[in-house]
Amino acid sequence: MGFMLILIAITFFSLGILSKRHPTWGWRANEAWKIKGDSEPSDAYIDDVKFRGSVSILFGFFFLACGLLVIFL
């Protein structure tokens, strides 16, 4: 059980870091098809993705702590 929590933590960490470093990475697949013509993501969208990345990293810390507690206690 503890190792599964650590794998979940690693997943949250990696997705959070990806969102923080490259917030426009998935924009074309998720949002660009809804807009006619060429456009770029707005500043609000980029800020939202970075915030979600921060939350994902926090969840990663939570799952890591829970996984380590399960393993060592």
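Partners of Asp48 under the side chain to side chain donor-acceptor pair (under 3.5 Å) rule, at least two apart in sequence or in another chain, are Arg52. With sequence neighbours excluded, the residues satisfying side chain to side chain contact (heavy atoms under 4.5 Å, CB included) with Pro41 are Thr24, Trp27, Tyr45, Ile46. In this view, Arg21 and Ile17 satisfy the side chain to side chain contact (heavy atoms under 4.5 Å, CB included) rule, not counting sequence neighbours.
If you take OG on Ser19 and CH2 on Trp25, they are separated by 8.5 Å, rounding to the nearest 0.5 Å.
One hydrophobic cluster, built from ILVMFWY side chains closer than 4.5 Å, holds both Phe72 and Phe3. By the rule that hydrophobic residues join a cluster once side-chain heavy atoms approach within less than 4.5 Å of another member, Ile71 and Leu64 end up as members of one cluster. Both Phe59 and Met4 are assigned to one and the same hydrophobic cluster, defined by single-linkage of ILVMFWY side chains at heavy-atom distances under 4.5 Å.
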List the atom pairs, donor and acceptor, that lie under 3.5 Å between side-chain atoms in residues 5-14 and the rest of the protein, sequence neighbours left out.
unit_1	atom_1	unit_2	atom_2	d
Thr11	OG1	Leu7	O	2.9
Ser14	OG	Ile10	O	3.0
Ser14	OG	Thr11	O	2.9

Check: residues 28-39 side-chain donor-acceptor pairs under 3.5 Å, at least two apart:
unit_1	atom_1	unit_2	atom_2	d
Asn30	ND2	Gly26	O	3.3
Glu31	OE1	Lys34	NZ	3.2
Trp33	NE1	Asn30	O	3.0

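Applying the side chain to side chain donor-acceptor pair (under 3.5 Å) test to pairs two or more places apart or on separate chains, those with a residue in residues 53-73 are Lys20-Ser54.
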